[in-house]
Protein chains: 2
Amino acid sequence: MISTRGRYALRVMADIASNQEDGYVPMKDVAKRQGLSLKYLEQIIPPLTKNGMIVGVQGKGGGYRLTKKPKDYRIGDILRLTEKELAPVGCLAKGAPVCERRPQCKTIGFWEGLNDAVNDYLDSKTLEDLL
Amino acid sequence: MISTRGRYALRVMADIASNQEDGYVPMKDVAKRQGLSLKYLEQIIPPLTKNGMIVGVQGKGGGYRLTKKPKDYRIGDILRLTEKELAPVGCLAKGAPVCERRPQCKTIGFWEGLNDAVNDYLDSKTLEDLL
DNA sequence: CATTTACCTACCTTTCCGATAGGTATATTA
DNA sequence: TAATATACCTATCGGAAAGGTAGGTAAATG
């Protein structure tokens with residue numbers, strides 16, 4: 001399942017895209033428009049700035065701004081950064097220990113297929129599709 | 001995303017399919033072969049019997065048995081019965097209250113698409129594919 | 001210098017997953 | 001008929017994680 005982190009991140013990105021005419025968009029405004037907690041958003045955003053998806057400028061008149069055109073953001077990329085884990089099952093998760101039943105496991109291939117299906121869909125859509 | 005309930009259910013179904021020559025397969029044996037807790041499996045199984053996916057016979061010599069050929073079980077059907085919730089986001093869940101932001105929500109269409117993509121994949125595979 | 005913003009870190013509360021536990025009902029076999 | 005083996009039922013529980021709150025610091029602007 002997708003948590004609020006990823007869902008809110010998408011809404012934030014779409015909101016910035018819609019409001020960044022030529023200046024910077026304060027997260028305070030985004031929070032108010034979207035009806036979300038500013039403090040909570042503040043701890044969801046960092047992975048996006050650290051990976052160059054958006055730029056943040058401090059001080060008066062500051063805020064956030066996209067670094068690319070909406071069309072050039074794959075939703076999968078946004079979610080993979082903000083969501084703690086996207087894999088459908090634990091054994092396909094990032095830091096998962098190698099499952100000892102792996103050799104005899106009859107379902108792993110099926111789960112890998114599901115994982116691929118999900119990621120293919122996420123990568124087939126862009127931020128522009130949300131606007 | 002997918003919990004142990006659905007994952008174990010698949011392993012149980014595959015195990016029964018592989019061991020039900022012409023008699024009934026005791027859950028005790030399944031638990032031992034799969035390395036899972038019998039008591040936990042016992043509370044995962046009921047939805048499968050109540051919906052006619054398998055039949056359970058009590059008493060000595062009893063156990064479980066498939067009601068159809070492995071090829072006729074869509075994995076999606078098994079998971080929708082055993083998994084508490086398959087929807088990728090809360091607002092698409094079974095008993096979810098209507099979201100008040102629905103009219104202005106720009107992401108709901110995207111999530112519905114993901115939900116469809118997942119279910120399409122799950123319904124494209126059968127129990128036979130796991131054997 | 002005052003204000004506004006991003007940025008950082010700790011903590012907290014509730015939910016729920018993943019089980020454990022103890023029992024009852026029902027059928028078979030000796 | 002007694003003993004046994006099974007399915008079936010219901011309550012409880014510990015730990016982890018989600019989802020958020022809170023309070024601060026750093027930097028830029030007017």
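No hydrogens, no waters, no symmetry mates; every other heavy atom, side chains included, goes into these values. All chains are named by letter (A, B, ...) in the order of the sequence lines, taking the proteins before the strands, and each is independently numbered beginning at 1.
Rounded to whole Å, the distance from CD1 on B:I54 to P on D:dT6 is 16 Å. One can place NZ of A:K32 at 11 Å from P of C:dT5, the figure rounded to the nearest angstrom. Here C:dA19 presents its C1' atom at 15 Å from CD1 of B:I45, a figure rounded to the nearest Å. The distance from atom CD1 of A:I16 to atom P of C:dA6 is 9 Å, rounded to the nearest whole Å. What separates NZ of B:K28 from C1' of D:dC8 is a distance of 16 Å, to the nearest Å. If you take CG of A:L38 and P of C:dT4, they are 14 Å apart, rounded to a whole angstrom. What separates CZ of B:R65 from P of D:dT6 is a distance of 16 Å, to the nearest Å. Going from atom CD of B:E85 over to atom P of C:dC16 covers 12 Å, rounded to whole Å.
For A:T126, there are no side-chain hydrogen bond (donor to acceptor under 3.5 Å, both in side chains) partners at least two apart in sequence or on another chain. Residues that satisfy the side-chain contact (heavy atoms from CB on, under 4.5 Å) test with A:R101, not counting sequence neighbours, are A:C99, A:Q104, B:R11, B:Q34. Taking the side-chain hydrogen bond (donor to acceptor under 3.5 Å, both in side chains) definition, one finds that A:S37 meets it with nothing, sequence neighbours left out. For B:D123, the side-chain hydrogen bond (donor to acceptor under 3.5 Å, both in side chains) test picks out B:R80, with sequence neighbours left out.
The CZ atom of B:R74 lies 10.0 Å from the CG atom of B:L122; values are rounded to the nearest 0.5 Å.
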Across nucleotides 14-22 of chain D, 5' to 3', mark each nucleotide with B, S or - according to how protein heavy atoms within less than 4.0 Å reach it. ----SBBBB

What one-letter contact string describes nucleotides 25-30 of chain C from 5' to 3', where B marks a base within less than 4.0 Å of any protein heavy atom, S marks contact via sugar-phosphate atoms alone, and - marks no contact? BBBBS-

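Side-chain N or O atoms of A:T67 include one that pairs as donor or acceptor with a backbone N or O of A:M53 at under 3.5 Å. At distances below 3.5 Å, at least one donor-acceptor pair connects side-chain atoms of A:Y73 with backbone N or O atoms of A:K68.
No salt bridge links A:E112 with B:K125; every basic N to acidic carboxylate O contact stays at or beyond 4.0 Å. Taking 4.0 Å as the cut-off between side-chain N and carboxylate O, B:K69 and B:D72 do not count as a salt-bridged pair.
Using a 4.0 Å heavy-atom cutoff across all strands shown, A:Y24 reaches no nucleic acid atom at all.
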